[in-house]
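In what follows, a single structure is set out as structure tokens and then discussed.
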Amino acid sequence: MISQNSLEFDKKHIWHPYSSAVNPNPVYPIESAQGVRLQLSNGATLIDGMSSWWAAIHGYNHPSLNQAIYDQTEKMAHIMFGGLTHEPAISLAQKLIQLSSDSLKKVFFADSGSVAIEVAMKMALQYWSSIGQPKKNKLLTVAGGYHGDTFGAMSVCDPVNGMHQLFSQNLMQHYFADAPYCDEATQRADLNSFTQLIEQHHQQLAAVILEPIVQGAGGMRFYCANYLVQVRALCDQYDVLLILDEIATGFGRTGSYFAYQQANIEADILVLGKALTGGYMTLAATLTSDKIAEGINHNGSGILMHGPTFMANPLACSVANASLDLLATGRWQQQVMQIEKQLSEELNICKGFSSVADVRVKGAIGVVELKQAVDMATIQQQFVDLGVWIRPFNKLIYLMPPYIIEPQELSQLTQAIITVLRNNGEENC
Ligand SMILES: *Cc1c(COP(=O)(O)O)cnc(C)c1O
């Protein structure tokens with residue numbers, strides 16, 4: 001049980017994500033988590049609708065993930081990766097190379113998604129400068145994207161709605177096409193603005209970067225595979241690399257193992273994170289092809305200038321191996337399909353609410369987009385009172401539960417959204 005003093009200390013001294021350290025919203029003390037249930041300090045349990053931000057796909061306190069960590073702890077918790085290597089990293093690289101597309105053969109392990117994005121951008125920039133085309137040093141992306149909070153990553157996040165406007169003076173300038181749009185009925189994709197920009201600027205473009213199929217933290221928008229097919233074709237036509245950020249979408253969330261597989265395309269650089277370790281530890285990976293690695297090597301040195309202290313941490317690699325083994329049984333496919341079906345059925349009613357702008361579902365992701373931003377502190381307390389952990393942002397109330405969630409537990413999540421919307425009437429939500 002966390003004391004009132006501890007909570008006061010937290011409030012006074014600790015920054016939480018995207019929050020004020022002076023005037024913070026309340027935080028809820030949590031003791032433990034098991035399966036899809038979070039145990040609060042006051043004894044209440046909440047059903048988890050967030051998977052700790054896309055990560056905890058197998059639920060919490062999973063015996064085989066725990067075991068992987070125990071076993072590895074007794075060998076070594078960490079060892080520098082400079083000049084040394086170990087079985088958990090090798091085994092994980094083998095699996096990732098096997099799971100992703102045929103051309104991706106080189107793996108860089110980073111310690112967070114944002115850092116893996118920085119590495120992907122460096123790879124692309126270093127590739128072109130090494131092969132004698134240093135003018136190809138800009139990126140093209142789409143509005144509505146999110147790629148992380150470090151400076152390189154921020155420079156390709158949505159420039160208007162992104163969380164990073166404050167720093168616009170300090171960011172590298174890149175090109176932004178309109179957010180991806182597909183007509184739902186015909187699956188026709190609108191690439192007018194994207195095509196214009198790539199035609200106009202390809203001589204300065206190192207790479208295109210985007211999140212395939214689902215734009216996550218930038219607005220929870222979905223778009224069709226056909227858009228990606230055409231992006232790939234344009235990248236090929238204009239000799240621009242394609243970086244796919246699967247940090248949120250990877251490992252089954254959208255219904256396929258990787259979201260880009262729905263378009264049947266390949267990335268030149270692929271970035272993975274979040275669910276890579278089943279939500280246990282921080283780890284990310286940037287994969288690329290022999291072509292890019294050899295290009296980087298072209299001017300002789302061949303050195304990729306990056307090397308985080310905790311690169312390829314053995315505990316993180318071990319639990320990632322165990323998580324990928326769980327996925328290899330294939331049960332996630334039925335689970336995600338079932339979640340998709342149930343979310344569609346149960347959230348559908350929200351379409352009729354006057355406070356709701358849109359309801360959409362893709363794989364194990366359900367989104368209720370409101371017409372107005374929510375009052376976070378109020379709505380958060382309402383959800384907690386209903387026994388669920390749902391954390392909205394801005395106009396978005398969304399669910400992305402662990403794949404192991406049972407139908408009646410998922411119903412508790414969807415019912416909580418409906419109840420909160422009904423209780424709040426149209427104005428406050
Ligand atoms: C979360 C996220 C990132 C950043 O990952 P961190 O581990 O939080 O640094 C990058 N891209 C996408 C698509 C994400 O969802």
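Counting convention: from 1, in listed order, for ligands and their atoms alike. Computation of the quantities below employed the complete heavy-atom set of this structure, encompassing side-chain atoms and omitting hydrogens, waters and symmetry-equivalent molecules. Small disclaimer: the values here were computed from a predicted structure and weren't measured.
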**OP:** Could you tell me if the ring centre of His86 sits under 6.0 Å from that of Phe81?
**Re:** yes

Original post:
Would you find a donor on one side and an acceptor on the other, under 3.5 Å apart, between the side chain of Thr249 and the backbone of Val214?
Top reply: no

Could you list each N/O atom of ligand 1 together with any protein N/O atom closer than 3.5 Å, one pair per line with the distance?
unit_1   : atom_1 : unit_2 : atom_2 : d
ligand 1 : 5 (O)  : Ser114 : N      : 3.4
ligand 1 : 7 (O)  : Gly113 : N      : 2.8
ligand 1 : 9 (O)  : Gly113 : N      : 3.4
ligand 1 : 9 (O)  : Ser114 : N      : 2.7
ligand 1 : 9 (O)  : Ser114 : OG     : 2.6
ligand 1 : 11 (N) : Asp245 : OD1    : 3.4
ligand 1 : 11 (N) : Asp245 : OD2    : 2.7
ligand 1 : 15 (O) : Lys274 : NZ     : 2.6

Taking only distance into account, with no hydrogens and no angle test, what donor-acceptor pairs under 3.5 Å do side-chain atoms of residues 390-406 form with protein atoms, sequence neighbours excluded?
unit_1 : atom_1 : unit_2 : atom_2 : d
Arg391 : NH1    : Gln380 : OE1    : 2.6
Tyr403 : OH     : Phe251 : O      : 2.6
Tyr403 : OH     : Arg253 : N      : 2.8

Subject >> Residue from Tyr238, Tyr175, Phe176 passing ring pair (Phe, Tyr, Trp, His ring centres under 6.0 Å) with His201 >> reply: Tyr175

**OP:** For this output row, return yes or no: ring centroids of Tyr223 and Tyr181 closer than 6.0 angstrom.
**Re:** no

**OP:** Please work out whether the ring planes of His58 and His62 are parallel, tilted or perpendicular, with thresholds of 30° and 60°.
**Re:** perpendicular

